[in-house]
Structure formats: C-alpha cells, structure tokens
Amino acid sequence: MIAIAEPRTKLDAQRIPLTPNYPPFKKWKRSAIGEKLQDRPMCLYLHIPFCTQRCSFCYYKTVDLKERPELDPYVDALCKEIKLVADRFDLGNRPIHAIYFGGGTPSLLQEHHFEKLVGTLRENFKQFDNRQQFALEAEPLTISKSKLETLAQLGVTRLSMGIQSFVEDIIQLSGRGHNQKQAYRAIEMAQKAGQGKWTINIDLLSGLAGETDETWKKSVECAIGTGVESITVYQMEAFANTDFYKQGVREEKINLPDAEQEKGFMQYAMGELTRQNYIPWSFFTYTKNNSDRSEYIYNIWQGMEFYGLGVSAFGSMDNFLLQNTSDLDKYGEIVNAGELPLVRGYKFTCQDLMVRDVLLGMKLLRFDLNKFKSQYGFKLESLCAQPLGQLEAEGFIAIGNDEVTLTDKGILHGDFVGYTVSEYLRKLHS
Ligand SMILES: C[S@@+](CC[C@H](N)C(=O)[O-])C[C@H]1O[C@@H](n2cnc3c(N)ncnc32)[C@H](O)[C@@H]1O
Ligand code: SF4
C-alpha cells in the first residue's frame with residue numbers, strides 16, 4: 001500500500017519533481033537518436049491464391065486455377081498494389097529483411113509473371129536487393145528446370161516444397177496430383193538448379209487419412225534421405241474447410257489417427273530428425289544449420305513489421321494489423337481503381353503486443369527475457385511467475401537468467417506453453 005500524504009508546506013510541494021515530460025532528461029541517451037533515425041527492417045509477403053488441385057486435407061482458402069485461369073490479371077493487380085502500398089506507406093527506402101511468396105501455390109506462376117513481380121518489387125523497394133532471404137512455396141508438379149533456373153536468377157534463396165507424404169497410398173488418398181516418383185524428381189531438380197543458391201525445405205503432414213506408424217516412419221526416413229537442408233513437420237488439422245474431411249470424419253469413413261498416435265508420430269519425427277543432426281528452431285521446422293531457417297517466419301514471430309500483398313493477405317505495421325479483401329473480383333476492381341484493397345484492421349494495445357510477443361515468440365523455442373524487459377519495462381518472469389513456475393515444475397520449460405527454453409516435452413506439445421503464459425498475461429488486470 002502506498003501512503004498518501006497531502007503536501008502541507010511549501011517545502012513538501014517542492015519535493016515533487018518538475019514533470020514537463022516522462023522519463024526525465026537525465027535518462028535520455030545519445031544512442032537513442034541513431035536507433036530512431038535508422039530505417040527499421042521489414043518483411044514482405046505476396047499471396048498467390050491459385051492451386052492446380054484441391055487437396056482433401058487443405059485448410060487454406062484457395063482458388064482452383066481450372067475454374068479461374070486468371071493469372072495475368074492477378075499478377076497485374078498485384079504489381080499495382082505493390083506500387084500503391086510503397087507510395088502510400090512510404091516504404092520505398094525501408095530495408096527488406098525477407099520476402100515470402102506464399103499460397104496457394106506460387107510455383108504455378110509462369111516465368112514472365114515472376115519476372116514482372118520481381119521487377120516491380122525492385123522498382124518500388126529500393127533496398128530489395130539487399131534483402132536477407134527470398135522464399136517461395138512450391139508444389140512438385142508445377143516446377144520445371146527452366147522455371148527453377150529463372151527463380152534462381154531472380155534471387156530466390158529458399159524454396160519450400162509441399163510433399164506431405166512419401167507413401168503412395170497416403171498421397172493418393174490426400175487428393176494430391178503427384179506420386180512418390182514425381183515428388184523425388186521435383187526435389188532432385190530443385191537441388192540441382194539451386195545448388196549453392198538456395199536452401200530447400202520440404203513439408204511433411206502427419207496424421208493424414210490412412211497414416212499408420214509404418215507409413216509415417218517411411219515418410220520421415222525418405223524426407224531425411226533426400227538430404228534437404230530443412231524439414232517441416234505439420235500436424236494435420238482436421239477442422240479443414242473441405243467437405244471430404246468434414247463429412248468423412250463425421251461419418252467415421254475416414255480413419256484419422258487419434259491424439260495418442262499423433263503424439264507418437266511427432267515424437268518419432270523429433271527423435272529421428274535430431275539423430276540425423278537437424279536442429280529445431282520452431283515446433284515444426286528442423287534445419288541442418290541455423291542459417292537454413294525461414295527468416296520471414298523467424299522475424300515476424302518476433303514482432304518484425306510485415307506487409308501482406310495480394311488477395312486476403314494480412315500484415316502487421318506500426319502496431320496495426322491490416323488485411324486485404326478475400327474476394328478475388330473485388331481485389332482486382334479496387335486495385336485497378338487506384339485504391340488500397342484493405343478491408344479490416346486492428347490497433348494493438350500495449351497488452352496485446354505483450355501477449356502476441358509471448359504467444360508467437362514461444363513458437364521459436366527460446367524466449368528472450370531481456371528483450372521483453374527492454375521493450376515493455378516489465379519482467380515476464382515476475383508478471384507471469386505463477387504459470388512459468390508451474391510449467392517449469394512440470395517439465396515443459398527451463399527458465400534461465402536470460403531466456404525461457406522449451407524442453408522436448410514443451411516442443412512436443414506445440415503451442416501449449418505459449419498459450420498458457422500468454423493467456424495468463426491477457427487476463428492480468430482485465
Ligand atoms: C500453402 S501450402 C504449400 C505449398 C503448395 N501449395 C503445396 O501444397 O505443395 C503450405 C503447407 O500447409 C500445410 N497444410 C495444408 N493443409 C493443412 C492442414 N489441414 N493442417 C496442417 N497443415 C496443412 C501443408 O503441409 C502444405 O505444404
Ligand atoms: S495443400 Fe497446397 S496445393 Fe493443396 S490445396 Fe492446399 S495450398 Fe493448394
């Protein structure tokens with residue numbers, strides 16, 4: 001309890017410091033000027049919503065290229081949006097830390113589309129060529145030798161390929177267009193075309209329909225056998241948008257692995273990957289070296305600003321979340337009329353930012369306590385002493401002087417640690 005005593009004498013009143021600002025001048029530092037004048041780095045995300053297939057498990061809202069073969073007008077609109085955004089938000093000179101082409105399936109674009117998009121990015125973001133990483137998502141059937149060579153020339157440095165499974169029956173059940181042989185061929189082609197230029201990541205999806213311990217082991221072994229620098233293991237989320245799964249799960253026609261089996265799959269993958277010297281930098285992704293990680297994901301989960309370009313894309317700029325329209329027709333109409341296609345946003349409160357940083361930061365398996373303190377002025381270990389203490393006692397985390405580290409048990413439980421601590425923080429005084 002603070003004792004409140006009304007100032008009674010002139011001397012009492014003089015003890016109250018002058019408060020023209022806060023904190024007082026004596027705390028100000030010269031180094032802060034440099035920090036303020038430096039252009040903050042940011043990331044760019046470009047969304048390509050089209051796919052050549054509709055995979056039965058997929059939870060993304062995608063556009064079927066066969067129904068809407070409108071790549072040219074979409075790329076034209078995207079180029080217009082790039083210019084509009086760079087001008088409106090004065091981003092032309094901002095250092096670009098990483099660029100990410102995500103989807104859908106960005107690799108289905110043709111070479112001239114990539115050339116046009118990269119040319120427009122270069123024209124509008126003056127520091128584009130100084131970026132640290134340029135990543136692109138690819139699907140095995142949509143790449144070719146010449147397309148890969150063009151991508152390498154344009155400066156792609158990370159290729160992330162959706163493989164999901166190396167077992168023929170599982171691939172067929174999942175509605176993917178490729179087979180096992182084509183998956184191998186695509187990986188090999190990408191390895192040859194990008195030697196010394198890019199890092200390859202492949203996505204595996206655990207818990208697909210029909211998956212057993214044997215099929216999962218085979219997929220993990222095959223993935224490691226390819227020698228790629230990075231392997232991402234997602235757990236299949238069955239709340240998929242697709243009728244196939246919704247109906248199949250409801251009517252018990254689809255045999256999906258249960259939670260215990262799922263845990264077993266993840267445990268197996270974690271064990272095998274670490275045995276083969278892959279290091280985890282997030283729950284999902286294991287890389288041979290730290291430099292093979294996705295700079296885009298690594299940084300946006302630590303709060304770096306990013307702008308989302310394209311239909312339904314979202315970004316986080318200047319303590320605001322911003323999202324574009326998800327309607328493909330409207331997106332084109334708005335951009336062609338010279339307007340930004342933004343439809344909704346959210347202004348973070350200070351508490352939101354703390355909650356976000358904990359929730360997303362814990363995905364990176366190491367949480368920097370000093371950074372949190374210097375950013376918000378509070379010690380996370382004091383604010384959240386109760387949940388952190390309990391999580392440590394139960395073996396999910398280790399708390400050091402400078403960081404909180406997830407243990408193997410913590411990694412296995414995915415977002416559990418981040419969710420537990422951030423929920424506690426969210427409910428504090430609210
Ligand atoms: C946008 S896709 C990647 C590129 C490309 N479209 C492809 O599938 O080859 C990104 C990844 O999301 C993952 N994904 C899709 N549906 C999922 C679901 N229901 N649960 C978890 N991960 C999913 C897949 O592993 C997929 O490779
Ligand atoms: S998994 Fe990839 S290819 Fe399949 S529907 Fe989803 S985004 Fe498209």
Side-chain angles (χ1 to χ4, degrees), residues 45-68 71 100-109 135-143 147-148 151 156 158-167 170-180 182-187 189-190 200-209 211 216 219-220 223 226 228 230-246 248-249 254 256-257 259 262 265-266 269 282-286 294 296-297 308 310-314 326 328 363 414-415:
Y45 175 85
L46 271 83
H47 190 66
I48 310 297
F50 303 92
C51 285
T52 46
Q53 61 203 348
R54 182 68 199 153
C55 309
S56 53
F57 55 82
C58 183
Y59 57 16
Y60 291 96
K61 195 168 171 268
T62 58
V63 178
D64 189 336
L65 191 65
K66 290 185 279 308
E67 286 165 25
R68 302 203 58 169
L71 295 184
Y100 195 98
F101 278 43
T105 307
S107 57
L108 56 67
L109 293 179
L136 183 126
E137 287 179 352
E139 185 272 343
L141 288 185
T142 53
I143 54 172
K147 201 186 275 189
L148 289 169
L151 290 173
V156 171
R158 191 172 204 272
L159 202 70
S160 182
M161 242 195 273
I163 297 295
Q164 327 308 348
S165 170
F166 281 93
V167 178
I170 307 287
I171 307 175
Q172 297 314 317
L173 264 177
S174 75
R176 303 278 290 178
H178 60 83
N179 57 30
Q180 188 210 51
Q182 287 163 323
Y184 272 124
R185 200 180 312 137
I187 296 167
M189 203 163 36
I200 297 177
N201 170 73
I202 57 181
D203 290 342
L204 287 185
L205 198 49
S206 86
L208 283 167
E211 193 92 88
W216 179 241
S219 275
V220 174
T226 63
V228 291
S230 168
I231 297 175
T232 297
V233 182
Y234 291 118
Q235 252 173 300
M236 212 270 292
E237 307 273 0
F239 57 79
N241 294 323
T242 59
D243 290 341
F244 175 80
Y245 266 81
K246 274 189 212 150
V249 171
I254 294 178
L256 286 178
E262 271 282 1
F265 292 158
M266 288 314 269
S282 79
F283 304 143
F284 328 102
T285 307
Y286 287 69
S294 165
Y296 171 76
I297 294 172
V311 69
S312 75
F314 74 91
S326 301
L328 189 60
K363 286 179 188 287
D415 275 320

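When a ligand or atom number is given, it counts from 1 through the structure's own listing order.
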(message) Please identify which of these residues, Trp216, Phe265, Phe284, meets the side chain to side chain contact (heavy atoms under 4.5 Å, CB included) condition with Val233.
(response)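 By the side chain to side chain contact (heavy atoms under 4.5 Å, CB included) criterion, Val233 pairs with just one of Trp216, Phe265, Phe284: Trp216.
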Mind checking what makes side-chain contact (heavy atoms from CB on, under 4.5 Å) contact with [X], not counting sequence neighbours?
| X | value |
| --- | --- |
| Asp415 | Phe283, Lys363 |
| Ile170 | Ser165, Val167, Leu208, Glu211, Thr215 |
| Ala223 | Phe166, Ile202, Leu204, Ile231 |

(message) Nearest non-hydrogen contact with atom 22 (N) of ligand 1 belongs to which option: Thr105, Leu205, Leu141?
(response)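 Among Thr105, Leu205, Leu141, the closest heavy atom to atom 22 (N) of ligand 1 belongs to Leu205.
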Using a 4.0 Å heavy-atom threshold (strictly under), name the region of [X] that reaches ligand 1: side chain, backbone, both or neither.
| X | value |
| --- | --- |
| Glu137 | side chain |
| Gln235 | backbone |
| Tyr234 | side chain |

(request) Anything protein N/O/S under 2.8 Å from atom 8 (Fe) of ligand 2? Just list residue and atom, please. (result)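 Protein N/O/S atoms under 2.8 Å of atom 8 (Fe) of ligand 2: Cys51 SG.
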Would you say [X]'s side chain and [Y]'s backbone share a donor-acceptor pair under 3.5 angstrom?
| X | Y | result |
| --- | --- | --- |
| Lys61 | Pro49 | no |
| Ser174 | Ile171 | yes |
| Glu139 | Thr105 | no |

May I ask you to list the atoms of ligand 1 that are less than 4.0 angstrom from any heavy atom of [X]?
| X | value |
| --- | --- |
| Gly103 | 1 (C) |
| Asp203 | 10 (C), 11 (C), 25 (O), 26 (C), 27 (O) |
| Arg176 | 7 (C), 8 (O), 9 (O) |

(message) Under 4.0 Å, counting heavy atoms only: does Ala138 come that close to any atom of ligand 1?
(response)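 In this structure, Ala138 qualifies as a contact of ligand 1 - some heavy atom is under 4.0 Å.
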(message) With the threshold set at under 4.0 angstrom, would you say Pro106 reaches ligand 1 through any of its heavy atoms?
(response)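 In this structure, Pro106 fails to qualify as a contact of ligand 1 - no heavy atom is under 4.0 Å.
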Value rounded to 0.5 Å, distance of [atom1] in [X] from [atom2] in [Y]:
| X | Y | atom1 | atom2 | result |
| --- | --- | --- | --- | --- |
| Tyr45 | Ile297 | OH | CD1 | 10.0 Å |
| Phe57 | Met236 | CZ | CE | 8.5 Å |
| Glu137 | Leu159 | CD | CG | 10.0 Å |

(message) Tell me whether the count of non-hydrogen atoms from other residues, nucleotides or ligands lying under 6.0 Å of CZ in Phe314 goes above 12.
(response)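 Not buried by this count: 12 neighbours or fewer within 6.0 Å.
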(request) Say whether Leu204, considering both its backbone and side-chain N or O atoms, lies within less than 3.5 Å of an N or O atom on ligand 1. (result)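 By distance alone, the answer is no.
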(request) Consider every N or O of Gly104 and every N or O of ligand 1, then say whether any pair is closer than 3.5 Å. (result)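 Yes, there is a polar N/O contact under 3.5 Å.
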(message) Distance under 4.0 Å to a non-hydrogen atom of Arg176: what atoms of ligand 2 satisfy this?
(response)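 Within the 4.0 Å cut-off of Arg176, ligand 2 contributes 1 (S), 2 (Fe), 3 (S), 4 (Fe).
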(message) Closer than 4.0 Å to some heavy atom of Phe57 - which atoms of ligand 2 meet that?
(response)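 Heavy-atom distances to Phe57 below 4.0 Å select 1 (S).
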(message) Looking only at the side chains, is there a donor atom on one of Tyr234 and Gln164 sitting less than 3.5 Å from an acceptor on the other?
(response)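 Side-chain D/A pair, Tyr234 to Gln164: absent.
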